[in-house]
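Worth knowing before you read on, the calculation uses all heavy atoms, side chains too, and leaves out hydrogens, waters and symmetry mates. Keep in mind the model is a prediction, meaning the values are calculated, not measured.
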Amino acid sequence: MNDLDRTIHENRIRLERKYFPNGITLDMIKLLDKVGEMIKAAYLTGLKEGSSEQEWSNQSCLGYAILATEKLKWNESLTKELVRAMYRNFDFVTPDVAADAYRDSIY
């Protein structure tokens, strides 16, 4: 039994104890099983859709930078300079090194 199935099973037991303290019938068991399956399917669908929508790319990183410069009202020349400098770093700096640079910075 994986973690998700275990969680669904544990929640089902809690529901049984809370809402059916005198025991449950076979039809109630089937209903709770069906609800558990539906919740699991919805969770897995949301997990899949959420992860695909949040994929990271160099283009999204540059987009964040451009949006920030627009918010700060930087001129086009400064924005181009920043984007070009960042773009060049994509070829020479790994994501882990970049993350370390951020974490080690004063920002």
Side-chain angles (χ1 to χ4, degrees):
M1 180 181 291
N2 63 39
D3 288 341
L4 179 58
D5 289 330
R6 185 174 293 107
T7 300
I8 290 170
H9 180 74
E10 289 169 357
N11 284 328
R12 176 190 164 166
I13 290 171
R14 282 189 207 103
L15 287 172
E16 286 179 23
R17 289 178 181 156
K18 181 174 182 177
Y19 294 103
F20 307 108
N22 298 324
I24 59 175
T25 66
L26 183 58
D27 287 338
M28 291 175 181
I29 292 171
K30 289 179 184 178
L31 175 65
L32 289 173
D33 285 343
K34 185 67 175 169
V35 170
E37 290 171 15
M38 293 170 69
I39 290 170
K40 180 179 178 179
Y43 172 80
L44 292 173
T45 298
L47 187 64
K48 181 179 176 185
E49 289 177 5
S51 65
S52 65
E53 290 179 19
Q54 296 295 320
E55 286 187 25
W56 184 258
S57 70
N58 291 350
Q59 290 179 344
S60 62
C61 179
L62 292 171
Y64 279 115
I66 291 167
L67 292 169
T69 62
E70 289 173 353
K71 188 170 187 161
L72 295 170
K73 301 190 185 324
W74 284 19
N75 64 43
E76 186 177 337
S77 176
L78 282 173
T79 299
K80 281 183 183 179
E81 190 176 335
L82 174 66
V83 169
R84 287 181 181 149
M86 289 178 66
Y87 188 82
R88 284 190 300 271
N89 274 295
F90 291 145
D91 293 331
F92 301 106
V93 179
T94 66
D96 288 336
V97 171
D100 287 343
Y102 172 73
R103 285 189 289 269
D104 295 340
S105 73
I106 61 169
Y107 313 106

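Shown here for Y102 and Y107, the closest heavy-atom pair between the two residues is OH-O, 3.8 Å. For L4 against L44, the heavy-atom pair with the smallest separation is CD2-CD2, 3.8 Å. Pairing each heavy atom of A65 with each of L82, the nearest pair is CB-CD2, 4.1 Å. Scanning both residues, C61 and M86, for their nearest heavy atoms gives SG-CE, 3.5 Å.
Y64 and V83 fall into different hydrophobic clusters, where Ile, Leu, Val, Met, Phe, Trp and Tyr side chains are chained together by heavy-atom contacts under 4.5 Å. Two different hydrophobic clusters hold L67 and L72 under the rule that ILVMFWY side chains link at heavy-atom gaps under 4.5 Å. In this structure, L62 is not a member of the same hydrophobic cluster as V97, with clusters built from ILVMFWY side-chain heavy atoms closer than 4.5 Å. Criterion: ILVMFWY side-chain heavy atoms under 4.5 Å apart, direct or through other members. Under it, F90 and I66 are part of a common hydrophobic cluster. Note: the hydrophobic cluster containing I24 does not contain L26 (ILVMFWY, side chain heavy atoms under 4.5 Å, direct or indirect links).
For the atom pair CD (E81) and CH2 (W74), the distance works out to 8.5 Å, reported to the nearest 0.5 Å. Atom CG of residue D33 and atom CZ of residue R12 lie 4.0 Å apart, to the nearest 0.5 angstrom. T25 contributes atom OG1, which lies 4.5 Å from atom CE of M28 (distance to the nearest 0.5 angstrom). Going from atom CD1 of I29 over to atom CG of L32 covers 8.0 Å, rounded to the nearest 0.5 Å. Between the CG atom of L15 and the CD1 atom of I8 there is a distance of 11.5 Å, given to the nearest 0.5 Å. Interatomic distance, D91 CG to N58 CG, rounded to the nearest 0.5 Å: 8.0 Å.
Around the CZ atom of R17, the shell of radius 6.0 Å holds no more than 12 heavy atoms that belong to other residues, nucleotides or ligands. Counting non-hydrogen atoms of neighbouring residues, nucleotides and ligands closer than 6.0 angstrom, the OH atom of Y43 reaches no more than 12 such neighbours. The local environment of CD in E10 is crowded, with over 12 non-hydrogen atoms from other residues, nucleotides or ligands closer than 6.0 Å.
Looking only at side-chain heavy atoms (C-beta outward), T69 and L78 stay at 4.5 Å or farther from each other.
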